[in-house]
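Take a look at the structure set out below.
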Amino acid sequence: MPELPEVETIKETLKQFVINKTISDVAVYWPTIIKRPEDAEQFKSLLPGQSIVDIHRRGKFLLFELDDAILVSHLRMEGKYSVHPSREPVTKHTHVIFSFSNGEELRYNDVRKFGTMHLFKKGDELTNKPLNQLGPDPFDETFTTDYLYKKLKKTERVIKSVLLDQSIVAGLGNIYVDETLFKANIHPLRKANKLKKKEAAAIWEAAIVTLREAITQGGTTIRSYVNSQGDMGMFQQELFVYGQENEPCKTCGKPIVKMKIGGRGTHVCVSCQKMK
DNA sequence: GTCTTTGTTTACAC
DNA sequence: CGTGTAAACAAAGA
């Protein structure tokens, strides 16, 4: 479940292994991961000879900047990247391999095969799906309390669903939305357009603080997340509500309740997070 | 076989 | 057509 802090951590750990490496060959064992170009054979043919110039992050997407292209990669639930010598055996969940001219390989591993890859000519990625659907990153200067408050005003949806909407703000997923709303003392079922400006400001602040702290902890490891060096995140120790069903609230001691909102498991302290 | 998991896309009712 | 909700979808493990 890599969300923004996990993808940020993956980006930083992966950088040291792949920048300036030149792709010599590409193998695709599960073509449905490749979304653009539609034909995986064409995808493969476009990459050899290109070097990895840099890696960026946009929301939950990893962006591999190549000499003349951008590879946009989404890890969905369980996608992972790792670098190995080519002689090392692959696992049954390795679906894409980028071979480098130095004998190493960047491997994409994904137990669920839900991840996606889109390849663009440089510049085209911003005006096409999936990146053109995204709202600002939480740390972008355009993501302000005013921006958030105006967006919340416009919708009848509950706040939980709005914060999961990547076109509002890009990078929050189920873990960090639940944690953000707990920190802001807002019940996830509150209607977005009924929230006061002060409450929007509290959500903004809570999101920024939670994400920043999670990044410094290297992300959250719930099921299987590790960074590209194989290290677990540590933020799970800081979780107040996510995955804490029936555990006592760290603030008030009442048991954390799990409910379904918009089809998503949602964790809430009904004592601390008021419906008002 | 059924159910759960998540982020995103698609279908559809209003 | 915009909006909101629900279902579909990707696949595997419990």
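All values below were derived from every heavy atom in this structure, side-chain atoms included, with hydrogens, water molecules and symmetry-related copies excluded. All chains are named by letter (A, B, ...) in the order of the sequence lines, taking the proteins before the strands, and each is independently numbered beginning at 1.
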* **Carboxylate-amine/guanidinium proximity below 4.0 Å for Lys122(A) and Glu65(A)** => yes
* Asked: Just checking His93(A): base, sugar-phosphate only, or nothing, at a heavy-atom cut-off of under 4.0 Å?
  -> sugar-phosphate
* Out of dG7(B), dG13(C), dT5(B), which nucleotide sits closest to the side chain of Val111(A)? -> dG13(C)
* **Lys113(A) side chain, from C-beta outward: closest of dT9(B), dA12(C), dT5(B)** => dA12(C)
* Structure fact -> Taken to the nearest whole Å, CG/Asn174(A) to C1'/dG7(B) is 10 Å
* Asked: Starting at the 5' end of DNA chain C and moving along, which residue's nearest nucleotide shows up first, Arg157(A) or Arg264(A)?
  -> Arg157(A)
* **Residue Phe61(A), side-chain heavy atoms: nucleotide from dT8(B), dA12(C), dT5(B) that is nearest** => dT8(B)
* Is the distance from OP1 or OP2 of dT6(B) to the nearest side-chain N or O of Lys260(A) less than 4.0 Å? -> no
* Contact under 4.0 Å: Lys129(A) side-chain N or O vs dT10(B) OP1/OP2 -> yes
* Asked: Under a 4.0 Å N-O cut-off, is there an ion pair linking Glu78(A) with Arg112(A)?
  -> yes
* Structure fact -> Whole-Å distance, Ile261(A) CD1 to dA6(C) C1', equals 16 Å
* Respond yes when some side-chain nitrogen or oxygen of Lys60(A) is under 4.0 Å from OP1 or OP2 of dT8(B), and no when none is. => yes
* To do: Could you tell me whether Lys191(A) contacts a base, only the sugar-phosphate backbone, or nothing, with contacts defined as non-hydrogen atoms closer than 4.0 Å?
  => nothing
* Asked: With respect to the side chain of Tyr242(A), which nucleotide from dA11(C), dT6(B), dG7(B) is positioned closest?
  -> dT6(B)
* Inspect the contact between Asp110(A) and Arg76(A) and indicate whether a charged nitrogen and a carboxylate oxygen are less than 4.0 angstrom apart. => no
* Asked: Would you say a side-chain N or O of His74(A) is under 4.0 Å from OP1 or OP2 of dG7(B)?
  -> no
* To do: Examine distances only and state if a side-chain atom of Lys21(A) and a backbone atom of Phe17(A) form a donor-acceptor pair shorter than 3.5 Å.
  => yes
* Just checking Thr155(A): base, sugar-phosphate only, or nothing, at a heavy-atom cut-off of under 4.0 Å? -> sugar-phosphate
* OH of Tyr29(A) versus P of dA11(C): gap in Å, rounded? -> 18 Å
* Which of these nucleotides, dG13(C), dT6(B), dG7(B), is closest to any side-chain atom of Leu164(A)? -> dG7(B)
* Please evaluate the base of dA10(C) for a donor-acceptor partner in the side chain of Arg112(A) within a cut-off of under 3.5 Å? => no
* Taking only Lys NZ, Arg NE, NH1 and NH2, and the carboxylate oxygens of Asp or Glu, determine whether Glu199(A) and Arg190(A) approach each other closer than 4.0 Å. => yes
* To do: Give one of base, sugar-phosphate or nothing for Lys160(A), where a contact means two heavy atoms less than 4.0 Å apart.
  => nothing
* Distance in angstrom units between Leu75(A) CG and dG7(B) C1', rounded -> 12 Å
